[in-house]
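Below is one structure, written out as structure tokens; comments come after it.
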2 protein chains.
Amino acid sequence: MATIEDVARSANVSIATVSRYINGRTLGMSPATKERLRITIATLGYVPNAAARSLKTGRSRLIGVLIANIAHMYWSTMLEGIEDGCRAMGYTMLISSAGNDLETQDRYLRTLLNQNVAGLLINPVFADESTIAQWAAISQPVIMLDRTYPALRKPLVAIDNGHGARLATQHLIDYGHTDIGLISWEINSLSNRKERLDGFLSTLQESGLSIEPDRIAFARESWDDGVRATREMFERANAPTAVFSANMELNLQVLSGLRLLGLRVPRDVSVVGFDAAPWDPLLEPPLTAVAGAPYRLGKLAALRLCRAIEQGTTVRPHDSRFRPVLITRESVGPPRPGPLSQKPART
Amino acid sequence: MATIEDVARSANVSIATVSRYINGRTLGMSPATKERLRITIATLGYVPNAAARSLKTGRSRLIGVLIANIAHMYWSTMLEGIEDGCRAMGYTMLISSAGNDLETQDRYLRTLLNQNVAGLLINPVFADESTIAQWAAISQPVIMLDRTYPALRKPLVAIDNGHGARLATQHLIDYGHTDIGLISWEINSLSNRKERLDGFLSTLQESGLSIEPDRIAFARESWDDGVRATREMFERANAPTAVFSANMELNLQVLSGLRLLGLRVPRDVSVVGFDAAPWDPLLEPPLTAVAGAPYRLGKLAALRLCRAIEQGTTVRPHDSRFRPVLITRESVGPPRPGPLSQKPART
DNA sequence: ATGAAAGCGCTAACAA
DNA sequence: TTGTTAGCGCTTTCAT
């Protein structure tokens with residue numbers, strides 16, 4: 001591996017000149033020198049040693065990405081966006097996925113800090129107050145991804161969850177539904193779930209529709225508890241005629257739960273999902289859903305963070321909210337007159 | 001941030017002693033010193049600076065993960081495994097996703113090397129010979145993930161694709177199918193796709209079944225080209241009575257394509273997929289599929305790599321192959337007697 | 001059982 | 001316009 005000294009010797013200049021050159025401080029450098037360096041560096045295949053740089057400057061070109069759980073399509077798509085954003089700015093991302101565990105996320109944060117990351121993108125797990133306080137104290141620029149804690153004064157890049165929930169709910173109302181259910185993952189103080197719930201509730205209210213506790217269900221975060229929740233809701237006498245499913249994983253589970261009950265979508269029940277997935281058009285029936293925009297979210301967050309790093313070291317404190325859009329496919333129809341006739345369930 | 005010097009001063013020892021302590025070289029260190037250091041380090045919240053370490057030693061505790069395309073469930077699950085493996089060994093992963101582009105992957109490799117990674121996990125994009133030669137020349141330990149090039153002499157961690165394909169095909173044969181199709185992504189010299197195709201072909205041959213070109217289709221890597229391929233295959237007069245779908249994304253597309261044709265699974269057509277996904281039980285019908293084991297694959301690869309790094313710097317050259325297993329659900333049944341009666345297609 | 005000191009490759013004063 | 005030089009925090013001989 002060639003070092004800065006090799007380059008300097010080869011090009012007959014001092015290492016300071018080389019350093020200036022590779023850092024773009026060529027303000028009054030003779031064209032001859034520049035050209036010579038360009039060639040020498042190319043010939044030697046020289047790449048600056050990131051560790052030495054980081055040691056010297058206390059900064060690195062590393063972006064720490066701390067996410068709650070990587071094993072979701074939503075997140076891998078977001079990471080693609082982050083990756084592209086970082087690359088555009090010449091940064092590399094260090095990803096840590098915490099498996100939804102606070103302690104793990106905490107340890108990872110330390111590791112990342114220890115790697116001298118220049119900035120952090122955090123999709124927080126559910127945390128206690130002392131952890132939140134700790135995050136608030138991070139000196140590097142930080143942007144929260146997708147969700148945050150209201151108490152934490154860090155900028156957030158997310159979609160407008162409230163708006164998305166309104167879009168979904170209103171769509172159902174427009175089709176004539178008055179009995180609308182919600183299936184979500186458990187709510188806690190993490191902003192996004194709460195916002196979706198609130199959007200749902202207030203849209204109902206504004207249309208003068210009643211809110212029945214039986215028609216709001218919370219499932220555990222898994223690949224099957226949403227099926228249970230769906231079945232329970234639709235086995236009741238006061239089952240709704242339409243449901244709003246609050247995230248990508250749940251969308252599949254709701255559809256499956258309905259199918260298990262022998263209910264047809266949209267003939268018997270209408271469904272609108274959140275977080276449009278690439279496979280939505282392939283489902284039975286193709287799913288109408290609010291499109292979150294994970295790729296764009298990730299890219300914007302990365303770009304904002306890198307820009308903040310380049311400039312001072314503070315991210316402008318405003319949040320960035322994307323307006324989601326409703327993608328209409330075939331899972332919504334008018335409410336079915338009369339009571340739900342459940343065919344014998346499949347299981 | 002506390003440095004080694006702060007610790008040394010606080011504990012009244014030299015920095016050399018501190019260094020020995022944090023690196024576990026406490027062979028003949030007085031218990032008193034050890035205890036004093038333990039406490040001091042804890043009090044100060046000292047964490048060694050990774051950059052300084054890496055600069056000095058030329059090694060780091062970073063594992064570079066170079067993958068072709070992160071935006072797949074299969075890969076995010078694999079990353080979870082890698083993450084856990086790395087963590088268990090005290091390493092941090094640096095992930096780069098190349099968006100299936102060779103040049104991008106190449107640039108990322110350079111960046112990773114530049115970060116002084118201690119080892120590399122590579123899921124290669126389709127590459128030319130000179131790139132392959134370049135990979136072969138990497139001095140750090142490297143393990144190939146999921147697929148590789150036969151010519152490249154690097155150890156591979158993957159599932160036994162041939163065995164998986166046999167399992168799937170044989171399952172269909174056992175049900176009495178004699179006309180079996182395959183839908184795969186385009187084949188190139190990347191090992192895994194070829195292996196699945198070969199497994200399929202040889203199982204057919206061993207049962208004396210004919211191989212018809214019309215029943216083997218290759219789709220472009222996308223979220224919809226598999227739908228087209230499926231429709232084309234099943235619109236033909238010699239459509240098979242069963243299909244083997246060769247990967248996670250294709251599974252959904254094949255099911256969708258069949259549905260669009262008005263064909264019922266498994267009544268009209270049986271389907272067995274590859275790469276069991278968490279949503280398989282939620283599909284219509286719940287999918288019978290060969291379970292790849294991305295999490296275990298990732299974890300094992302990380303473990304093997306870290307172990308190699310700790311010891312010498314060469315990975316033992318053998319490949320690790322997981323035997324996949326067939327998960328039986330509801331998408332396979334006996335072949336339907338008589339010609340396929342296609343109901344009017346949905347679109 | 002512990003310490004002193006050199007130096008990893010680089011940046012950023014400061015000098016010239 | 002370019003060069004000299006002091007460290008960044010750590011590991012590792014070599015002494016003691």
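Chain identifiers are assigned alphabetically (A, B, ...) following the order of the sequence lines, protein sequences preceding nucleic acid strands; residue numbering begins at 1 within each chain. Just so it is clear, the model here is predicted, and its values are computed rather than measured.
Salt-bridge formation is detected for the pair B:Arg193/B:Glu221: a Lys NZ or Arg NE/NH1/NH2 atom is positioned less than 4.0 Å from an Asp or Glu carboxylate oxygen.
One atom, CG of B:Asn49, and another, P of C:dG9, lie 17 Å apart when rounded to the nearest Å.
As judged by a 4.0 angstrom heavy-atom cut-off over every strand, B:Thr33 is placed among residues touching the sugar-phosphate backbone only.
Screening residues 9-21 of chain B for salt bridge (Lys or Arg N to Asp or Glu O under 4.0 Å) gives B:Asp6-B:Arg9 as the qualifying pairs, with residues at least two apart or on separate chains. Legend: salt bridge (Lys or Arg N to Asp or Glu O under 4.0 Å) pairs involving residues 87-97 of chain B, not counting sequence neighbours, sorted by first then second residue: B:Asp84-B:Arg87. Listed by first and then second residue, the side-chain hydrogen bond (donor to acceptor under 3.5 Å, both in side chains) pairs involving residues 147-157 of chain A amount to none (not counting sequence neighbours).
Taking every heavy atom of residues 35-44 of chain A and every atom of DNA chain D, no pair lies under 4.0 Å.
Counting all heavy atoms, side chain and backbone alike, A:Thr3 lies closest to A:Tyr46 at C-CE1, 3.5 Å.
When the local axes at the two ends of the helix from C:dA1-D:dT16 to C:dA16-D:dT1 are compared, using 5 base pairs at each end, they differ in direction by 30° after rounding to 10°.
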Below 3.5 Å, can you tabulate the donor-acceptor pairs from side chains in residues 125-134 of chain B to any protein atom, sequence neighbours excluded?
from     : atom 1 : to       : atom 2 : distance (Å)
B:Asp128 : OD1    : B:Ser130 : N      : 3.2
B:Asp128 : OD1    : B:Ser130 : OG     : 3.3
B:Asp128 : OD1    : B:Thr131 : N      : 2.8
B:Asp128 : OD1    : B:Thr131 : OG1    : 2.6
B:Gln134 : NE2    : B:Asp106 : OD1    : 3.4

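Evaluation of the side-chain hydrogen bond (donor to acceptor under 3.5 Å, both in side chains) rule for B:Ser10 yields no partner, not counting sequence neighbours. For B:Ser54, the side-chain contact (heavy atoms from CB on, under 4.5 Å) test picks out A:Ala51, B:Ser60, B:Asn116, with sequence neighbours left out. Qualifying salt bridge (charged side-chain N to carboxylate O under 4.0 Å, His left out) partners for A:Arg38, counting only residues two or more places apart in sequence or in other chains: A:Glu35. Partners of A:Thr26 under the side-chain contact (heavy atoms from CB on, under 4.5 Å) rule, at least two apart in sequence or in another chain, are A:Tyr21, A:Met29, A:Lys34.
Side chain of A:Asn188 to backbone of A:Leu190: a donor-acceptor contact under 3.5 angstrom is found.
Under 3.5 Å, the side chains of B:Tyr91 and B:Glu310 contain a donor-acceptor pair of N or O atoms. A donor and an acceptor atom, one from each side chain of A:Thr43 and A:Thr40, are nowhere located under 3.5 Å apart.
For DNA chain D, the outermost nucleotides in 5' to 3' order that have an atom under 4.0 Å from a heavy atom of chain A are D:dT1 to D:dG9.
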(Q) Does the protein touch nucleotides 11-16 of chain C at the base, only the backbone, or not at all? Give it as B, S and - per nucleotide, heavy atoms under 4.0 Å. (A) BBB---

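The phosphate of C:dG3 (OP1 or OP2) has a side-chain N or O of B:Ser14 nearer than 4.0 angstrom.
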